[in-house]
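Notes for the one structure printed next.
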Amino acid sequence: MSRDLQTDIANVFSRMELNRRHMMASSLAAAGFALAVQPIGAATITTDATGLEAGDVKIPVGDQTVPGYRAMPSKGGPFPVILVVQEIFGVHEHIKDICRRFAKQGYFAIAPELYYRQGDVSKLKSIDEIRPIVAKVPDEQVMGDLDATVDFAQKSGKGDVAKLGVTGFCWGGRIVWLYAAHSKQLKAGVAWYGRLVGDPTENQPKHPVNIAADLRAPVLGLYGGKDQGIPLDTVEQMRTALKKAKVPSEIVVFPDSPHAFFADYRPSYVEADAREAWKKALAWFKQHGVA
């Protein structure tokens, strides 16, 4: 085979690969997923909006507004409120779908865009591009935005904030623990595989293990025994801190699950454990008055 023919063939396959990537990126954007989450798995769950009022909202925060996504039953109310805190990829289709799942259970579920001031991560193509933006997000800002989201839910007339819960995934799992120490209104939280320990920074001065004694609401932690990013010894550190503080929180570890085992759109999804964890989350909220 001549060198010219080899070059032509290589160029053809190169263009095919670029076209494939472009088509994949376009389909991800059309489906509402962040570009960095590819490939999308075949097990991806899609919850329809039948019987719901669901869509984008603008949440007032001081003299600004923060975008978010809200879902709730289309009739009745006011409904108990669940704050849904994004994973590192932002409020993309998976997080929106979780809001609809809660709405199907009778909740006013709302997910504010908590990186909004720092940047739009949905258009970034790798997690390495996302991390620097996330590092700029102060915990104090996040707490304020969640407080403003609660206020938005109350003023809408459709959210019963006397029955307030919070849940979050990965990056948002850590935030759940922090918000449970921050909020005086919160009744309960469910933290999915959120980081528990770490070195303090200007934007993240404390981590869950440091504020265990300050929790104002009970938190259920849902973790994977094979999570490479959250070693089991850090889970045990948190359990020890909770026990020492004598707070009514607990951590459940699914021994064979990795990080993000609830993320049905990713290869990490473990269906059996995800279903069991979802049941535990709903039961936890009901047990603690968020129903």
Side-chain angles (χ1 to χ4, degrees), residues 25-37 40 46-49 52-74 77-79 81-103 107-125 127 129-159 161 164-176 178-179 182-183 192 203 263 265:
S26 297
S27 64
L28 281 169
F33 287 96
L35 295 185
V37 304
I40 300 299
T46 301
T47 304
D48 64 58
L52 304 180
E53 182 180 326
D56 297 333
V57 293
K58 294 290 186 180
I59 302 163
V61 181
D63 58 357
Q64 304 180 40
T65 59
V66 170
Y69 183 86
R70 179 201 60 194
M72 62 182 175
S74 58
F79 309 103
V81 176
I82 299 288
L83 303 174
V84 180
V85 186
Q86 66 205 56
E87 50 188 7
I88 197 169
F89 303 112
V91 181
H92 64 116
E93 180 53 32
H94 177 62
I95 299 301
K96 294 177 181 180
D97 198 274
I98 290 169
C99 287
R100 295 193 295 272
R101 295 177 207 180
F102 275 113
Y107 289 100
F108 178 114
I110 184 166
E113 289 271 12
L114 297 170
Y115 308 158
Y116 174 68
R117 297 170 187 78
Q118 283 71 34
D120 180 4
V121 300
S122 69
K123 304 300 189 294
L124 301 180
K125 296 180 180 180
I127 197 167
E129 294 178 276
I130 293 174
R131 285 195 180 103
I133 290 177
V134 176
K136 297 176 183 178
V137 182
D139 287 341
E140 184 178 4
Q141 172 188 296
V142 174
M143 299 299 108
D145 287 353
L146 291 174
D147 286 344
T149 304
V150 174
D151 189 53
F152 171 83
Q154 182 177 28
K155 289 179 177 177
S156 74
K158 290 292 187 177
V161 298
L164 175 66
V166 62
T167 193
F169 304 82
C170 184
W171 180 87
R174 173 182 173 272
I175 295 300
V176 168
L178 299 185
Y179 196 65
H182 166 82
S183 174
W192 301 74
N203 287 331
Y265 68 97

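These numbers come from a predicted model, not from an experiment. If you read the sequence from its start, that first residue is 1, and numbering goes on from there.
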- Task: Go through the steps to decide whether V85 and W171 satisfy the test side-chain contact (heavy atoms from CB on, under 4.5 Å), and finish with yes or no.
- Result: CA-CA 8 Å; V85 186; W171 180 87; 3.9 Å; yes

- Return the set of residues passing ring pair (Phe, Tyr, Trp, His ring centres under 6.0 Å) with Y179 (not counting sequence neighbours), or none when no residue passes. H182

- Task: Could you tell me which residues satisfy ring pair (Phe, Tyr, Trp, His ring centres under 6.0 Å) with Y107, sequence neighbours excluded, listed by chain and number?
- Result: F102

- Note on the structure: Note: P78 and G157 closest approach over all heavy atoms is CB-O, 3.8 Å

- Message: Distance check, rounded to the nearest 0.5 Å: L164 atom CG versus I82 atom CD1?
- Response: 7.5 Å

- Query: For the atom pair CE (M143) and CD1 (I175), what is the distance rounded to the nearest 0.5 Å?
  - Reply: 4.5 Å

- Given side-chain contact (heavy atoms from CB on, under 4.5 Å), test I110 with L83 step by step and report yes or no. CA-CA 5 Å; I110 184 166; L83 303 174; 3.9 Å; yes

- Note on the structure: In terms of heavy-atom contacts, V84 and P112 come closest through O-CD, 4.0 Å

- Residues forming a side chain to side chain contact (heavy atoms under 4.5 Å, CB included) with P67, sequence neighbours excluded: K58, E113, Y116

- Sequence neighbours excluded, the answer for side chain to side chain contact (heavy atoms under 4.5 Å, CB included) partners of E129 is L124, K125, S126

- Note on the structure: Hits for side chain to side chain contact (heavy atoms under 4.5 Å, CB included) against C170, two or more places apart or cross-chain, chain-then-number order -> E87, Y193, H259

- Full working for side-chain contact (heavy atoms from CB on, under 4.5 Å) between K96 and D56: CA-CA 9 Å; K96 294 177 181 180; D56 297 333; 3.9 Å; yes

- Task: State which residues pass salt bridge (charged side-chain N to carboxylate O under 4.0 Å, His left out) with D97; sequence neighbours excluded, sorted by chain then number.
- Result: R100, R101

- S74: side chain to side chain contact (heavy atoms under 4.5 Å, CB included) partners, not counting sequence neighbours: none

- Note on the structure: Tightest non-hydrogen contact, residues V161 and A153, listed as CG1-CB, 4.3 Å

- Gap separating the CZ atom of F79 from the CZ atom of F108, nearest 0.5 angstrom: 9.5 Å

- Item | Set of side-chain hydrogen bond (donor to acceptor under 3.5 Å, both in side chains) partners for Q86, sequence neighbours left out | none

- Task: Go through the structure and list residues passing side-chain hydrogen bond (donor to acceptor under 3.5 Å, both in side chains) with R174, not counting sequence neighbours.
- Result: D139, H207

- Across all chains, not counting sequence neighbours, the side-chain hydrogen bond (donor to acceptor under 3.5 Å, both in side chains) partners of K155 are D151

- What heavy-atom pair brings G90 and Y115 nearest, and what distance separates the two atoms? N-CE1, 4.3 Å

- Item | Partner set under side-chain hydrogen bond (donor to acceptor under 3.5 Å, both in side chains) for Q141, not counting sequence neighbours | Q118

- May I have the step-by-step check of side-chain contact (heavy atoms from CB on, under 4.5 Å) for V137 and V142, ending in yes or no? CA-CA 7 Å; V137 182; V142 174; 3.5 Å; yes

- Might you point out which heavy atoms bring A54 and A49 nearest each other, and give the distance in Å? CB-CB, 4.5 Å

- Item | Pairs meeting criterion salt bridge (Lys or Arg N to Asp or Glu O under 4.0 Å) with involvement of residues 61-70, two or more places apart | E53-R70

- Message: Exactly one of L146, D147, T149, D145 should register a side-chain contact (heavy atoms from CB on, under 4.5 Å) with V61. Which one does?
- Response: D145

- Closest heavy-atom pair, V81 versus G159, reported as atoms and distance to 0.1 Å, is CG2-CA, 3.6 Å

- Message: Which label fits H94 and H92: parallel for a plane angle under 30°, tilted from 30 to 60°, or perpendicular past 60°?
- Response: tilted

